[in-house]
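Structure first, then comments.
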Amino acid sequence: MQNLEDFGEPRIKLVALPKDTNSAGNIFGGWIMSQIDLAGAQAAREVAPERVVTISMKEVIFKQPVFVGDVVSCYAKIIGVGKTSITTQIEVTALRLNKGGFRESVHVTSATATYVSVTKDGEKKPIDENLKRLHGF
């Protein structure tokens, strides 16, 4: 597994519950995508603190299933900033017991999501140049 430091900051950590399962008994991919969107939006708000909206999500790659009882952690970092848009990289891990009875962290999915900075009325809002510089963009 990649070094967790490369994943960005931890944004969400929660336990996968039975109510979040699909018909096969695994955690529903849509639930995981919802967590991905929330984590990416948290990162995006570092440079667009008023409000952001999701405009695209690409390259959602499910590498491993998530099971009931797994502790799901979503990490996100900003990888690009435009005039009004923010692109984030989100990585998701699941902490679970392995066959030996030890806890292990499994990288379960990745995604790239893009958000747009908007006002409370939903109008596009340019990202402050000082915030861009502060975050290295």
Side-chain angles (χ1 to χ4, degrees):
M1 186 168 89
Q2 271 180 283
N3 187 346
L4 287 180
E5 293 170 3
D6 297 337
F7 283 7
E9 291 185 37
R11 307 290 177 166
I12 296 174
K13 186 175 191 174
L14 50 127
V15 177
L17 299 174
K19 69 178 181 64
D20 304 314
T21 58
N22 60 24
S23 60
N26 295 333
I27 299 303
F28 177 55
W31 178 83
I32 297 168
M33 288 178 67
S34 176
Q35 305 313 313
I36 287 169
D37 192 24
L38 291 168
Q42 283 185 41
R45 291 197 59 192
E46 291 178 2
V47 294
E50 186 171 350
R51 187 172 171 216
V52 296
V53 294
T54 310
I55 61 165
S56 75
M57 191 171 294
K58 62 181 178 179
E59 298 180 1
V60 179
I61 303 165
F62 293 99
K63 300 171 182 173
Q64 297 287 328
V66 175
F67 304 113
V68 171
D70 284 355
V71 177
V72 177
S73 297
C74 299
Y75 300 83
K77 64 181 176 182
I78 298 171
I79 59 172
V81 179
K83 182 177 178 181
T84 61
S85 66
I86 306 103
T87 302
T88 63
Q89 179 65 36
I90 304 99
E91 305 292 344
V92 182
T93 64
L95 186 64
R96 63 175 60 130
L97 290 180
N98 64 20
K99 291 180 181 174
F102 297 98
R103 290 168 49 126
E104 69 178 348
S105 183
V106 179
H107 187 205
V108 295
T109 190
S110 301
T112 302
T114 303
Y115 303 85
V116 170
S117 170
V118 296
T119 65
K120 64 181 176 179
D121 299 321
E123 299 296 321
K124 285 185 178 181
K125 179 180 180 181
I127 298 167
D128 182 276
E129 293 297 325
N130 291 324
L131 283 176
K132 283 184 190 181
R133 271 192 298 283
L134 181 66
H135 291 277
F137 294 98

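Position 1 is the first residue of the sequence; numbering continues from there.
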- Quick check: does any side chain N or O of Thr88 sit under 3.5 Å from a backbone N or O of Ala113, one acting as donor and the other as acceptor? yes
- Task: Give a yes or no answer on whether the side chain of Asp121 reaches the backbone of Glu123 with a donor-acceptor pair at less than 3.5 Å.
- Result: no
- Message: Test your reading of the model: is there a side-chain donor-acceptor pair from Ser117 to the backbone of Lys125, 3.5 Å cut-off?
- Response: yes
- Using the side chain to side chain contact (heavy atoms under 4.5 Å, CB included) rule, take Thr93 and Phe7 through it: C-alpha gap first, then chi angles, then the decisive distance, then the call. CA-CA 10 Å; Thr93 64; Phe7 283 7; 3.7 Å; yes
- Message: Does Phe28 have more than 12 heavy atoms from other residues, nucleotides or ligands lying within 6.0 Å of its CZ?
- Response: no
- Item | Criterion side chain to side chain contact (heavy atoms under 4.5 Å, CB included) against Lys132, the qualifying member of Ile86, Ile78, Val81, Val47 | Val81
- Task: Flag yes if Val72 and Met33 sit in one hydrophobic cluster, no otherwise; membership is Ile, Leu, Val, Met, Phe, Trp, Tyr, and two members link when side-chain heavy atoms are under 4.5 Å apart.
- Result: yes
- Do Leu17 and Phe67 sit in the same hydrophobic cluster, where Ile, Leu, Val, Met, Phe, Trp and Tyr count as joined when their side-chain heavy atoms come under 4.5 Å apart? no
- Query: Would a 4.5 Å heavy-atom cut-off, applied to side chains only, mark Ile27 and Ile32 as touching?
  - Reply: yes
- May I ask you to check whether Ser110 and Lys63 show a side-chain donor-acceptor distance below 3.5 Å? yes
- Task: Using a 4.5 Å cut-off on heavy atoms from C-beta on, say whether the side chain of Val15 contacts that of Asp70.
- Result: no
- Taking atom types as modelled, find out whether Gln64 and His107 have a side-chain donor-acceptor pair closer than 3.5 angstrom. no
- Glu50 side-chain N/O to Lys120 backbone N/O, donor-acceptor pair under 3.5 Å: yes
- Item | Side-chain donor/acceptor of Gln89 to backbone N/O of Ala111, under 3.5 Å | yes
- Query: Is there side-chain contact between Glu46 and Glu9, with at least one heavy-atom pair below 4.5 Å?
  - Reply: yes
- Within-4.5 Å side-chain heavy-atom neighbours: Val71 and Lys13: yes
- Do the side chains of Ile12 and Met57 join up, straight or via other hydrophobic residues, at under 4.5 Å, putting them in one cluster? yes
- Can Leu38 be reached from Leu14 by stepping across I, L, V, M, F, W or Y side chains whose heavy atoms are under 4.5 Å apart? yes
- Any side-chain heavy atom of Thr21 sitting closer than 4.5 Å to one from Val68? yes
- Message: Determine whether a donor-acceptor pair (N or O, by modelled atom type, separation under 3.5 Å) exists between the side chain of Tyr115 and the backbone of Asp37.
- Response: yes
- Query: Just by distance, do the side chain of Arg103 and the backbone of Arg96 share a donor-acceptor pair under 3.5 Å?
  - Reply: no
